[in-house]
Amino acid sequence: MSLQSTERRITAVDIAKRKHGDPVVALTAYHAHTASILDEHVDFILVGDSLGMVMHGMESTVPVTLDMMIVQGLAVMRGSKRALVVVDMPFGSYEASKEEAFHSAARILKETGAGAVKLEGGEHMAETVEFLVRRGVPVMGHVGLTPQAINTMGGFRVQGKSDESQRQTEIDAKAISDAGAFAMVMEGIVEPVARQITETIRTVTIGIGASPACDGQILVLEDMLGLNEWTPKFVKEFGSIRAHIEEAVTNYAGAVRDRSFPGSDHVYARKRT
Ligand code: KIV
């Protein structure tokens, strides 16, 4: 069961214990109000750097800054009290050195109160993950399709299709697991490879466009709510919020134009003397 009655916030250690247990349920949120709705239904909320594309209309996550992540991380912490909150480390905040990574992670944990950070990358980031974990920073890894590497990957490419890609994805996942990540997002990885990795590494795997065999699943909230005009293959729309918003906005605009809003219920009267 992912719905727990305890008021204590779920920790990274709790999530780490869920290997091969009940599926870990996760969604992204960037705001206090959506976080408050998600809070009792999910095990962790990811304040993903996808906020750059979803909230700000950026073409990729590359321009997202550490300050943007901290502002939205704080909002999600204010809106939630039970789920673990994980904040993404944005591109440029952790790759240059282990020390830079620690300073950025420390800012996130201190300034938001979140319980963990997430960073992208495999084998080449393992040393950094170990450095952070040894210094008290719970780290969630992110392997497979890593959106911050869009400029070197040449686009959003599913991983594990060729023998070479499969081999590298397996090496990446094992390296991040051995480095001490408590969980790992596996994004855009062909099903048999994601399954094989989940069965062989110690770390809890969280799939997005990966495999039902992963130890848990995550989706971007706005994708699964049906807010976007286009839906990727790996997303199931569990709602159709765009149509609801369009209907409400159409009705509002019509009511303002024909002067039926505001009605007598929505205006303030003078005090009777
Ligand atoms: O930024 C994000 O929303 C993510 C998810 C796709 C896992 O990293």
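Numbering of ligands and ligand atoms starts at 1, following listing order.
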Derivation and outcome, salt bridge (charged side-chain N to carboxylate O under 4.0 Å, His left out), residues Asp39 and Arg82: CA-CA 6 Å; Asp39 194 35; Arg82 179 191 154 275; 5.1 Å; no
Which bit of [X] is near ligand 1, meaning a heavy atom under 4.0 Å away: side chain, backbone, both or neither?
{"X": "Ile206", "answer": "neither"}
{"X": "Thr61", "answer": "neither"}
{"X": "Leu51", "answer": "neither"}

His33 backbone acceptor or donor facing Ser36 side chain under 3.5 Å: yes
Atoms of ligand 1 less than 4.0 Å from [X] heavy atoms?
{"X": "Ile208", "result": "6 (C)"}
{"X": "Gly48", "result": "1 (O), 2 (C), 3 (O)"}
{"X": "Asp88", "result": "1 (O), 2 (C), 8 (O)"}
{"X": "His142", "result": "8 (O)"}
{"X": "Asp49", "result": "1 (O)"}

Check: Val220 and Tyr30 side chains under 4.5 Å, non-hydrogen atoms: yes
Parallel, tilted or perpendicular: rings of Phe102 and Phe131 (30°, 60°): perpendicular
Does any N or O of ligand 1 fall below 3.5 Å from an N or O anywhere on [X], backbone included?
{"X": "Thr28", "value": "no"}
{"X": "Glu187", "value": "no"}
{"X": "Tyr30", "value": "no"}

Tyr252, OH: over 12 other non-hydrogen atoms inside 6.0 angstrom: no
Just need the protein heavy atom nearest to [atom], so name the residue and atom and give the distance.
{"atom": "atom 3 (O) of ligand 1", "answer": "Ser50 OG, 2.5 Å"}
{"atom": "atom 5 (C) of ligand 1", "answer": "Leu46 CD2, 3.8 Å"}
{"atom": "atom 8 (O) of ligand 1", "answer": "Lys118 NZ, 2.9 Å"}

Thr61 and Gln148 side chains, donor-acceptor separation under 3.5 Å: no
Pair Gln72-His31, side-chain donor/acceptor within less than 3.5 Å: no
Short N-O contact, Glu246 and Arg242, less than 4.0 angstrom: yes
Note: Arg18-Asp22 ion pair, threshold 4.0 Å (strictly below): no
